[in-house]
Structure formats: structure tokens, C-alpha cells
Amino acid sequence: MPELPEVETIRRDLKKKIIGKKIIDIRVIQKKSIKNSHTHFIKNLKNNSIENISRKGKLLSFAIKENKSNLLIHLRMTGQLVYYITEKDVKKNTRVIFTFNDNSQLFFNDTRRFGYLQIVNEKEKDVAFAKMGIDILDKSFTFEKLQRLLKNKKRNLKSVLLDQKVIAGIGNIYADEICFDAKFRPDKNITKLNDKEIKKLYNSIIKTIKLAIKNRGTSFNDYVDSSGKKGNFSKLLKVYQKEKDHCQNCHKKSIKKIKVAGRATRYCGYCQK
DNA sequence: CTTCTTGTTACTGA
DNA sequence: ATCAGTAACAAGAA
């Protein structure tokens, strides 16, 4: 599932590949994947070029140079953005294809069709970004900021980590990995966290997300980068999908699987308090 | 066949 | 106002 590290990997790679290129053709294979009318979508993109790619949380925004509009892309669960130097055939899960002036192509693939593409103006893009809480890679995401965000909240840790309106970018995989690294139970009530523990949580969030980016994300089912390659963080997972394994930290207990915040959740009952 | 998987939103009830 | 829980969406794997 694409979370912050996966979306950031795609953003960084795609910037090197498509910035400045002119979109000469757009093929919408699955209408449902586009949030605009077909005409509006094509009109804003055809014969225009991509000036920049930005991201907040799991949402990508491609800035269109000529008309200052933005193409928002959310991959949700199974979305992929795969770039090819030469023209390729449509695959079963291909929903949209962009062709550039050098005949290279960008495929938006999405098996389960939850992801979307949407043309918005600058103001609408700002609103979409503002709706989300702070991005983990934002300079102003400091320990003090996290302290303020957790203040007066009476919720369990995992539901806060997953809440995009509080912190943007964490999904089910990294929520469990962060809790394991910080040695907190995912269902721990955050009102019980003191300053020292919030600092520990902060360090685990930064450490886990940065290490995952360095390893180009996690591929469990569908995620691939813009070259179609899998991420290497899958090998470094300690709890996600490890419920049959022994804990890599204590080597005493096996990883438990429970449900927290409506999601499958894995943790070590011995290490995490 | 059923159950499980997950990002996000909508809704209900406490 | 807050928070927990559930359904919905969709398609495939087990």
C-alpha cells in the first residue's frame, strides 16, 4: 500500500523523468478513475507540460506550467504510476495513459479503482493540502509540534498515527512498525504518554519513515516504483504481516494480531507496553 | 463459498 | 465537541 515513503519515492523518481516534457496524448481507459469531466480533464492537460511535482501525505500534485492548474493523484490502495521510455501495451489494470513529446509514457494502473486523478486550480490544490495535518518530512514537524498535536486527545495511539488530519503520510504498515520501534502497544491510550515517551514516539516516526524512504518503500502486494520495481523495506519489516514469526527484539514471544482502529494490527505483547 | 485485505469518507451512537 | 465502531467502495487472494 502506498504510504508516505512509497509516494515520496515515486515523486522523486518521476521528477527526474517527466519535468518539462509536453503531454501530447491522454488516454482515459477507466472513466471512474478521473474525478473531472473527460473534456475538462483533457483540455487542461493536452499540449501542456509538467513544471513540478509536490506531495503532502499520500497525495501527489503535478503542477501544470501553462495554465497553473494542478493534477492531483491519489494512489489509495493499489494505484501505480509506471513510466516507460517507449510505448507499451495497455494492461488489465491500466486506467489512464499519458504520452509525452518524446514518446515516453506514464501509466496509471489501479486494480481496485479506488485511486483517482483530478484537475484542480491552485486554490483548490491549497485547500486539499490544508485539509491534511502536518507532513512528516515538513521542517516544522518537530517534537514540540507532536506534543501539541497529542495534547487533550483521548484516543489510542494507532488511530492517531493513521489520522491524516493529525499527521499526514502514515498507513497501516508504518503505523505498526512505528509502534514496534517505539515499544508502545498500538492500542495504548495517548493520554498516558509523558514527555519522554512522546519524544521516543517522535524519534520512531522520523527514523522509520526515513529508513523506509532510503529503502524505496515497502512492496507487499501491489506497490512498485515508477520503474516498476519493488521496494526493499519489505525485508526490514518487524511486525507487519509477521504474526507467525517470533519477535525479532525479544526472541521470546511471537507477534500477535489484533484489531485496532478497525485495522489488522500486529505487535509484540512482551516488548510493547 | 466465505473471509480478509486497506485509504478514506460517511454515518451512528455514546 | 470527541471518539469508537461500522459500512461502503472494489477486486483478488487464501
Side-chain angles (χ1 to χ4, degrees), chain A residues 1-11 29-35 55-61 72-81 90-96 108-118 120 124 127-136 148-179 185-193 209 212 217-224 230-231 233-234 237 239-244 255-267:
Chain A
M1 278 49 64
E3 304 177 27
L4 190 152
E6 291 76 28
V7 179
E8 179 64 8
T9 300
I10 289 170
R11 187 188 74 85
I29 296 151
Q30 173 58 245
K31 237 179 156 182
K32 199 187 158 289
S33 300
I34 306 292
K35 278 200 177 184
R55 177 196 59 76
K56 186 164 182 188
K58 304 168 193 170
L59 184 63
L60 283 169
S61 177
L72 300 182
I73 301 185
H74 201 303
L75 302 174
R76 289 283 181 100
M77 274 119 74
T78 58
Q80 303 174 331
L81 284 169
V90 179
K91 288 181 231 167
K92 194 186 169 193
N93 63 350
T94 304
R95 309 304 180 195
V96 182
F108 173 67
N109 302 325
D110 187 20
T111 301
R112 286 164 68 177
R113 300 190 291 160
F114 275 6
Y116 64 86
L117 284 70
Q118 183 182 25
V120 295
E124 291 167 322
V127 170
F129 273 31
K131 267 194 210 164
M132 274 180 266
I134 191 159
D135 187 90
I136 294 161
R148 285 198 295 275
L149 287 171
L150 301 186
K151 219 170 185 175
N152 301 323
K153 284 200 171 65
K154 297 168 189 167
R155 301 167 59 178
N156 66 60
L157 178 55
K158 180 156 176 172
S159 80
V160 176
L161 290 175
L162 288 175
D163 190 342
Q164 305 301 304
K165 290 182 183 71
V166 182
I167 305 166
I170 301 170
N172 209 29
I173 298 172
Y174 297 110
D176 281 3
E177 294 297 320
I178 288 165
C179 289
R185 285 177 61 112
D187 57 356
K188 189 182 179 78
N189 191 314
I190 58 166
T191 50
K192 289 181 180 149
L193 293 176
I209 296 299
T218 304
S219 293
F220 201 78
N221 291 319
D222 301 87
Y223 172 73
V224 288
K230 288 174 182 288
F233 197 75
S234 327
L237 293 172
V239 280
Y240 184 77
Q241 294 286 356
K242 299 282 181 187
E243 56 267 26
K244 280 159 197 147
I255 301 300
K256 273 190 205 169
K257 183 179 168 185
I258 56 168
K259 203 167 184 171
V260 182
R263 295 285 163 229
T265 299
R266 288 89 174 179
Y267 74 104

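FYI, side chains are in, hydrogens and waters are out, and symmetry mates aren't considered; it's all heavy atoms of this structure.
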Q: Round to the nearest Å and state the distance from A:Y240 atom OH to B:dC4 atom P.
A: 15 Å
Q: Have a look at A:K32 and say if it touches a base, only the backbone sugar-phosphate, or nothing, with a 4.0 Å heavy-atom cut-off.
A: sugar-phosphate
Q: Would you kindly check whether a donor in the side chain of A:R263 faces an acceptor in the base of B:dT8, or vice versa, at under 3.5 angstrom?
A: yes
Q) Looking across every strand, which nucleic acid part, if any, lies under 4.0 Å from A:R266 by heavy atom: base, sugar-phosphate, or nothing? A) sugar-phosphate
Q: Have a look at A:Y223 and say if it touches a base, only the backbone sugar-phosphate, or nothing, with a 4.0 Å heavy-atom cut-off.
A: nothing
**Q.** Atom-to-atom span, CG of A:L162 to C1' of C:dT6 - whole angstrom
**A.** 16 Å
Q.
Between A:R113 and C:dC9, is there a contact of a side-chain N or O with OP1 or OP2 at under 4.0 Å?
A. no
Q: Please list, chain by chain and in numerical order, all residues satisfying salt bridge (Lys or Arg N to Asp or Glu O under 4.0 Å) with A:R113, sequence neighbours excluded.
A: none
(Q) Whether the side chain of A:K56 engages the backbone of A:F129 through a donor-acceptor N/O pair (distance < 3.5 Å, no angle test) should be reported. (A) yes
Q | With A:D222 via side-chain hydrogen bond (donor to acceptor under 3.5 Å, both in side chains) - residues at least two apart | A | none
Q: Take atom CD1 of A:I170 and atom P of B:dT8, then tell me their distance rounded to the nearest Å.
A: 12 Å
(Q) Classify A:K92 by what it touches in the nucleic acid, base, sugar-phosphate, or nothing, heavy-atom distance under 4.0 Å. (A) sugar-phosphate
Q. Is the shortest side-chain N/O distance from A:H74 to OP1 or OP2 of B:dG7 below 4.0 Å?
A. no
Q | Proximal nucleotide (of C:dC9, B:dT8, B:dC4) relative to the A:Q164 side chain | A | B:dT8
Q) Could you give the NZ-to-P distance, from A:K131 to B:dT8, as a whole number of Å? A) 12 Å
(Q) In this structure, how many angstroms lie between the C1' atom of C:dA11 and the CG atom of A:D110, rounded? (A) 10 Å
Q: Rounded to the nearest angstrom, tell me the gap between atom CD in A:Q80 and atom P in C:dG12.
A: 13 Å
Under 3.5 Å between N/O atoms: give me all the protein pairs with nucleotides 2-5 of chain C, atom names plus distance.
from  : atom 1 : to     : atom 2 : distance (Å)
C:dC3 : OP1    : A:K154 : N      : 2.7
C:dC3 : O3'    : A:K154 : O      : 3.4
C:dA4 : OP1    : A:N156 : N      : 3.3

Q: From the options C:dA11, B:dG7, B:dT5, select the nucleotide whose nearest atom is closest to the side chain of A:K257.
A: B:dT5
(Q) Test of understanding: with side-chain hydrogen bond (donor to acceptor under 3.5 Å, both in side chains), list the residues that count as partners of A:N109, not counting sequence neighbours. (A) A:Q80, A:T94
Q.
Would you say the ring centers of A:Y174 and A:F233 fall short of 6.0 Å from each other?
A. yes
Q) Between B:dT8, B:dT5, C:dG12, which one does the side chain of A:R76 approach most closely? A) B:dT8
Q) Of all the nucleotides listed (B:dT9, B:dG7, C:dA11), which has the minimum atom distance to the side chain of A:K58? A) B:dG7
Q | Listed partners of A:V127 passing side-chain contact (heavy atoms from CB on, under 4.5 Å), at least two apart | A | A:K131
Q. Which whole-number value in Å describes the distance from A:I73 CD1 to B:dT8 P?
A. 15 Å
Q | Qualifying residues under side-chain contact (heavy atoms from CB on, under 4.5 Å), relative to A:Y116, sequence neighbours excluded | A | A:K35, A:L59, A:H74, A:R76, A:Q118
Q | Between B:dG7 (C1') and A:Y174 (OH): distance, integer Å | A | 15 Å
Q. Does A:G57 offer a backbone N or O that forms a donor-acceptor pair with the side chain of A:D135 under 3.5 Å?
A. yes
